[in-house]
Each structure stands twice: as structure tokens, then as C-alpha cells.
Participant: 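Please read through the structure below; I'll follow up with questions.
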Amino acid sequence: MSSPETFEAMPVDPVEMRKARAIKREKIGRWLLPLIVVVLTIVGWDRMVVINEIPHYIIPRPGRVLQALIEDWSLLIGSLGTTLTITFSALAIAIIGGVGIAVLFAQSKWIEMSFFPYAVILQVTPIIVIAPLIFIYVDSKFAGLLICAWIVAFFPILSNTTLGLNSADHNLRDMMKLYGASRWQTLRFLRLPAALPFFLGGLKIAGGLSLIGAIVAEFVAGTGGIGSGLAFRILEASYRLNIPRMFAAIILISLTGVLIFMFMTFLSWLFLHKWHESAIKRES
Amino acid sequence: MGDKALLSIQQIGKTFSNGTVALQGMSMDIEQGSFVSLLGPSGCGKSTVLKIIAGLGNLTTGRVEWPTAQVDHLGRPDHEISFVFQEPTLMQWATVFENVWLPLRLKGASRRNAKDQVEEALDMVGLKDFATSYPRELSGGMKMRVSIARALVTRPKLLLMDEPFAALDEITRFKLNNDLLHLWEKFNWTVIFVTHSVFESAYLSSRIVVMAARPGRVVADIDVPAPYPRGEDFRTSNDYNRYCREASDALHSAMQAGDHL
Ligand SMILES: Nc1ncnc2c1ncn2[C@@H]1O[C@H](COP(=O)(O)OP(=O)(O)O)[C@@H](O)[C@H]1O
Ligand SMILES: [Mg+2]
């Protein structure tokens with residue numbers, strides 16, 4: 001048999017060169033522009049406080065917030081650790097639970113039809129109104145926090161993975177049947193890989209939500225017991241009118257959220273860049 | 001001939017749950033080693049027949065028999081059947097090698113055990129240098145070749161092809177036509193090839209079965225006794241033209257028979 005089509009290399013033309021330069025510029029801009037905007041925001045914030053003579057116990061200047069961040073670092077980093085422990089434990093259980101339940105749903109339409117509404121109800125009921133009940137019923141504060149964060153995080157994983165498992169190409173399914181694949185083999189070789197991009201999309205959302213879930217639950221749980229997460233620090237600082245520390249804690253939470261999102265984006269890229277449309281750089 | 005047929009379809013009918021009568025009273029015998037084209041207008045039930053032969057769809061009436069094979073409780077023969085779909089139907093997340101390995105993997109063959117057979121199949125379709133590529137890196141024609149390699153890797157006795165080249169450009173299609181014929185002559189499979197192209201069916205097959213729609217049935221059965229190997233000179237011969245005209249006439253009357261489309 002003859003070899004398949006091959007292409008000869010062509011000399012690069014000016015249009016292509018211009019395109020290459022544009023791509024380079026875009027690469028730099030992607031980092032530089034947000035950085036400039038952040039710096040301008042901080043400068044603007046500082047000027048606004050100074051010009052309007054706003055007292056530091058209402059809005060502190062950025063320098064003061066930085067100072068609080070440095071001075072309270074050991075306190076805040078400990079709290080961040082607590083919050084992160086809850087966030088990632090909840091996320092882990094959400095992944096196991098979400099994927100597990102999605103696989104169960106994929107085995108039987110009847111199971112899916114019966115139980116999917118529960119998942120929806122859990123999702124649409126605001127966690128802030130369920131959390132107090134959970135802390136009444138569950139003795140361990142850690143477990144309570146975990147349950148709250150889990151409820152918030154697991155739905156996107158469940159619904160996306162369910163959609164993904166059902167989106168495998170029907171011709172490929174026929175082929176599996178033709179070759180006598182077992183249920184498990186069809187799941188392993190076809191449905192789970194087909195669901196991967198959907199799952200990763202869900203994970204990206206769930207990562208941020210598990211942090212939000214953990215923080216909201218900490219707020220509800222209040223100041224008693226072992227509660228020493230970042231939300232607890234914010235509450236505590238607000239009672240003491242320690243506004244700079246509140247800002248510092250908020251900034252830490254946002255940064256954490258951004259880092260989680262970036263990590264999930266990287267994870268998506270890692271698993272998908274070789275084959276999935278969403279992760280492939282197009283040349284046109 | 002005179003041998004027992006590989007496959008005997010007897011008075012099969014298929015009515016879908018929405019009331020569509022896709023097939024009615026369709027019969028044909030497929031000889032061992034023949035290259036049969038199923039030619040017919042779109043919607044006449046060609047895909048439905050193939051799926052039924054492959055055991056992927058159930059019958060409303062009639063029977064499919066395998067006179068030379070042992071059949072299991074589902075009526076499926078004990079030898080390999082392979083299916084090539086109109087789209088390449090590859091697993092996007094898997095390399096070319098892994099795609100072709102799949103049928104063997106499902107039977108429990110490890111990567112190492114399957115290696116020789118997979119490489120042989122890739123070699124047959126001229127893709128052995130592309131084992132580590134992903135489907136998206138290949139052209140349409142190359143994807144189709146992978147799909148064919150996957151069908152061949154189990155060394156099937158019967159190859160079912162559902163308009164496999166319909167989505168390809170003409171040059172690529174001619175090339176794949178020729179390569180497919182070479183493989184068929186070499187390995188002596190039985191091929192049932194669905195197409196809606198008169199020219200393709202006359203070029204490839206030893207027999208053309210023409211179908212009409214609503215309900216799907218056989219309206220003509222044309223022998224194409226031209227010798228193999230067939231090449232470009234066959235494509236320009238008078239014989240070829242005659243077979244094309246014969247098939248084309250049969251197709252026209254088939255379309256008129258089902259003209260309430
Ligand atoms: N799953 C299905 N449910 C209902 N009708 C179907 C289904 N599959 C095919 N049909 C109908 O059966 C007829 C034959 O379909 P098909 O075998 O796909 O035709 P062809 O492959 O010749 O184009 C068509 O009218 C089509 O609409
Ligand atoms: Mg069809």
C-alpha cells in the first residue's frame with residue numbers, strides 16, 4: 001500500500017510572520033495586562049483613601065493591609081491551613097461521590113430518574129439555610145463543615161460527569177457491543193474517557209465552590225469550638241474593628257480561589273491538550 | 001459456486017417502534033468470499049440490514065442464518081464480524097495504536113501481546129508510521145484507514161462497511177477503493193459494502209444488490225463478473241460502463257418504486 005499524504009515545507013511568508021509576532025504579543029499581553037490593571041487598582045485605591053481622607057478603620061490604605069498581612073502572617077496562615085483542609089477534603093469527597101453517583105446513574109436510567117431530583121434540590125437550596133441544621137445534627141464541627149462544603153461542590157461534578165458518560169458516540173457503543181464488551185469494559189474504555197472533558201469542566205467549578213462552601217459554613221458555625229479558619233478570622237477581626245486584618249484575610253481567600261482555579265485549568269490542559277478540541281491551539 | 005452461503009437472509013422485516021417499516025420481506029444469500037454492494041437511495045434500509053447482520057439490531061420478522069458456522073444463543077456466528085461506519089468513529093483520546101488495539105484489548109490481549117497483530121493491521125492500510133498519532137492529527141482519509149485497520153485486526157471472516165468512503169473526496173476515495181480491493185483479494189474475506197454510488201459499487205463488487213425504499217426490499221440483483229484485479233483500465237472500460245448503466249437503471253426504477261419520498 002502507498003504511504004499517506006505528506007506535505008513539503010514551504011517558506012514562511014510575511015503574513016505568517018506577522019501572525020507569529022501577533023501570537024507572541026498576545027502571550028506577553030496575557031500576563032502583562034492583568035498585572036497593570038491590578039497595580040493601577042491598588043494605586044487608585046490608595047489615592048482615593050488619601051484624597052477623601054477616609055479613616056483607616058473604614059478603608060485602610062493598601063500599605064496597611066500589607067502590613068497586617070505580614071504582622072498577622074502566622075495567625076492567618078494557620079487559619080488558611082484549616083480552611084484549605086476543609087476545602088480539599090470536601091473536594092475530594094465531592095469527586096469520589098460525584099463520579100461514583102454519576103457512574104451509578106449511568107448504569108440505570110431508573111436510578112437516575114429516581115435520585116437526580118435530590119441532587120438538584122441539594123444544589124438549589126442555599127447552603128446558608130441548610131448549614132445551621134447540619135451543625136445541630138452533627139456533633140463534630142469538622143464533619144459539619146465538610147458536609148456543607150461537599151453539598152456545594154459535588155453537584156457540578158455529578159451533573160457534568162453524568163452528561164459526559166451519556167455522550168459517548170453511539171457508533172462506538174455499537175462497536176463495543178459487536179466485540180462483546182462487558183458493561184465494565186464499555187465504562188472503562190469508552191464512557192469514562194468520553195466523560196473526562198465534562199468531568200474536568202465540572203471540577204473547575206467545584207474547586208471554587210468547595211472553597212466558598214467551606215467559608216460559608218465557617219461563618220454559620222460561628223466562633224465556638226475549633227473554628228479557626230479564615231472566615232472565623234474575618235468575623236473575629238470585624239468584632240474588633242481590625243479592618244486591615246479583614247482585608248488581609250479576604251485577599252488571602254481570593255488568592256486561594258484564583259490559585260485553585262488556575263490549578264484546575266492546568267489539570268484540564270494536562271489531560272486534554274493532546275486530543276480535545278477545547279484544549280487544542282488552532283492555527284488558521 | 002454451489003458452496004453453502006456464508007450468510008442467508010430470509011424474509012427479514014423490521015418495523016421501528018415509531019411505525020417506520022424499514023425493511024419488509026428482504027431475502028438474499030451472501031456467498032463466501034464475495035464482494036457484495038448494497039446499493040439504494042438514502043433511507044431504504046441499508047444501514048438497518050447491516051446492523052441486523054452484525055447482531056446490533058433485532059428483527060421484527062424473518063431469519064438470519066449462518067449455514068457454515070456455529071451460532072450462539074443470540075444467533076451470532078462463532079467467527080469474527082467487523083463493522084466500518086460512515087464516520088471513522090475513532091476514540092479521540094486514544095492513539096492510532098490504541099484505537100486499533102481496542103477489539104483485541106476487549107478480548108483480554110495486553111499491549112505487548114496485541115502489538116504484532118496491531119502493527120500488521122496498520123501496515124496493511126499504510127499507517128505503520130502513525131501508530132503514536134492522535135486521530136485529530138490525521139486527514140479524513142487517514143482516519144478512515146485507521147477505522148479499517150481496526151476492523152481488520154481481528155481477522156474477520158465478514159467485513160460490513162456502511163458507506164465508508166461517502167464523506168471523502170474523490171481522489172482519496174479512489175485510492176481507498178483500490179487499496180480495499182487489494183486487501184480483499186489477498187485475504188479472501190467476504191465483504192458487504194453499502195453505498196449510494198453506482199460507480200463505486202460497479203467498480204468494487206462481484207455483485208450488486210439494489211434496494212428500494214418504503215418498505216426496504218431487494219429490487220435487483222446484478223452480477224458483475226469482471227475479473228479481478230481491477231484497476232484504472234477497468235474504470236474506463238466498456239464493460240464497466242455497461243455494469244454502471246445496468247445498476248443505474250435498476251436504481252432509477254427503485255427510486256420510482258418508492259417515489260412518494
Ligand atoms: N432508530 C430508528 N427509529 C426509527 N426509524 C428509524 C431508525 N433508524 C432508521 N430508521 C428509519 O428506517 C429507514 C431506513 O433507515 P436506514 O437503514 O438508516 O437507511 P439507509 O442506511 O439506507 O439510508 C429510514 O426511513 C429511517 O428513517
Ligand atoms: Mg445509512
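Naming: A, B, ... by sequence-line order, numbering from 1 per chain. The figures that follow rest on heavy atoms only: side chains count, while hydrogens, waters and symmetry mates do not.
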Participant: Which atoms of B:Leu90 come close to chain A, meaning under 4.5 Å heavy atom to heavy atom: side chain ones, backbone ones, both, or neither?
Facilitator: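 For B:Leu90, the contact with chain A is made by the backbone alone.
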
Participant: Please rank A:Asp169, A:Leu178, A:Leu272 by heavy-atom pairs under 4.5 Å with chain B and give me the top one.
Facilitator: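 Going by pairs under 4.5 Å, I would pick A:Leu178.
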
Participant: Examine whether an atom of B:Glu87 lies under 4.5 Å from a heavy atom of chain A, and if so say whether it belongs to the side chain, the backbone or both; otherwise answer neither.
Facilitator: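 Only the side chain of B:Glu87 comes within 4.5 Å of chain A.
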
Participant: Once salt bridge (charged side-chain N to carboxylate O under 4.0 Å, His left out) is applied, what residue pairs with a partner in residues 84-105 of chain A remain, sequence neighbours excluded?
Facilitator: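 Applying salt bridge (charged side-chain N to carboxylate O under 4.0 Å, His left out) to every pair that reaches into residues 84-105 of chain A, excluding sequence neighbours, yields nothing.
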
Participant: For B:Gln92 versus A:Trp275, what's the shortest heavy-atom pair and its separation?
Facilitator: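 Here B:Gln92 and A:Trp275 meet closest at O-CB, 3.0 Å.
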
Participant: Within a radius of less than 6.0 Å around CZ of A:Phe263, do more than 12 heavy atoms belonging to other residues, nucleotides or ligands occur?
Facilitator: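 Not more than 12 within 6.0 Å, no.
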
Participant: Using heavy-atom distances under 4.5 Å, tell me whether B:Lys128 contacts chain A through its side chain, its backbone, both, or neither.
Facilitator: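 For B:Lys128, neither part sits under 4.5 Å from chain A.
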
Participant: Is it the case that more than 12 heavy atoms not belonging to A:Phe88 sit under 6.0 Å from its CZ atom?
Facilitator: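 Yes, the 6.0 Å shell around CZ holds more than 12 heavy atoms from other groups.
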
Participant: For B:Thr154, is it the side chain, the backbone, both or neither that has a heavy atom under 4.5 Å from a heavy atom of chain A?
Facilitator: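 For B:Thr154, the side chain is the part near chain A, not the backbone.
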
Participant: Would you say B:Arg136 has more than 12 foreign heavy atoms packed within less than 6.0 Å of its CZ?
Facilitator: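 Enclosed: over 12 neighbouring heavy atoms sit under 6.0 Å from CZ of B:Arg136.
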
Participant: Just wondering, more than 12 heavy atoms not from B:Phe199 lying within 6.0 Å of its CZ?
Facilitator: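 Atom CZ in B:Phe199 is not crowded, with 12 or fewer foreign heavy atoms closer than 6.0 Å.
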
Participant: Give the interface residues of residues 185-199 of chain A toward chain B, defined by a heavy-atom separation under 4.5 Å.
Facilitator: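 The list, in residue order, reads A:Gln185, A:Arg188, A:Phe189, A:Leu190, A:Pro193, A:Ala194.
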
Participant: For B:Tyr228, does the OH atom have more than 12 heavy-atom neighbours from other residues, nucleotides or ligands under 6.0 Å away?
Facilitator: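 Yes, because the 6.0 Å sphere around OH of B:Tyr228 holds more than 12 heavy atoms from other groups.
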
Participant: Which bit of B:Phe85 is near chain A, if near means a heavy-atom gap under 4.5 Å: side chain, backbone, both or neither?
Facilitator: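 Just its side chain gets close to chain A.
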
Participant: Given side chain to side chain contact (heavy atoms under 4.5 Å, CB included), test A:Met175 with B:Phe83 step by step and report yes or no.
Facilitator: CA-CA 7 Å; A:Met175 210 186 62; B:Phe83 207 117; 5.7 Å; no

Participant: Using a 6.0 Å cut-off, check whether atom CD of B:Glu232 has over 12 heavy atoms from anything other than its own residue.
Facilitator: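 For B:Glu232, atom CD is crowded (more than 12 foreign heavy atoms under 6.0 Å).
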
Participant: Distance from A:His276 atom NE2 to B:Tyr134 atom OH, nearest 0.5 Å?
Facilitator: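 OH of B:Tyr134 is found 14.0 Å from NE2 of A:His276.
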
Participant: Among residues at least two apart in sequence or on other chains, which ones pass side chain to side chain contact (heavy atoms under 4.5 Å, CB included) with B:Ser47?
Facilitator: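 Per chain and number, B:Ser47 pairs via side chain to side chain contact (heavy atoms under 4.5 Å, CB included) with B:Asp162.
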
Participant: Taking side-chain hydrogen bond (donor to acceptor under 3.5 Å, both in side chains) as the definition, give me every residue that meets it alongside A:Ser268, ordered by chain and number, with sequence neighbours left out.
Facilitator: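 Not a single residue meets the side-chain hydrogen bond (donor to acceptor under 3.5 Å, both in side chains) criterion with A:Ser268.
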
Participant: Go through B:Leu102, B:Asp129, B:Thr95 and name the one with the most non-hydrogen pairs under 4.5 angstrom from chain A.
Facilitator: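 Winner by heavy-atom pair count: B:Leu102.
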
Participant: On a heavy-atom basis, which atom in B:Arg76 and which in A:Lys177 lie closest, and how many Å separate them?
Facilitator: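 Nearest heavy atoms, B:Arg76 then A:Lys177: NH1-O, 3.8 Å.
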
Participant: Can you name the nearest heavy-atom pair linking A:Tyr179 to B:Ser82, along with the distance?
Facilitator: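 Nearest pair, atom of A:Tyr179 first, then B:Ser82: OH-OG, 3.3 Å.
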
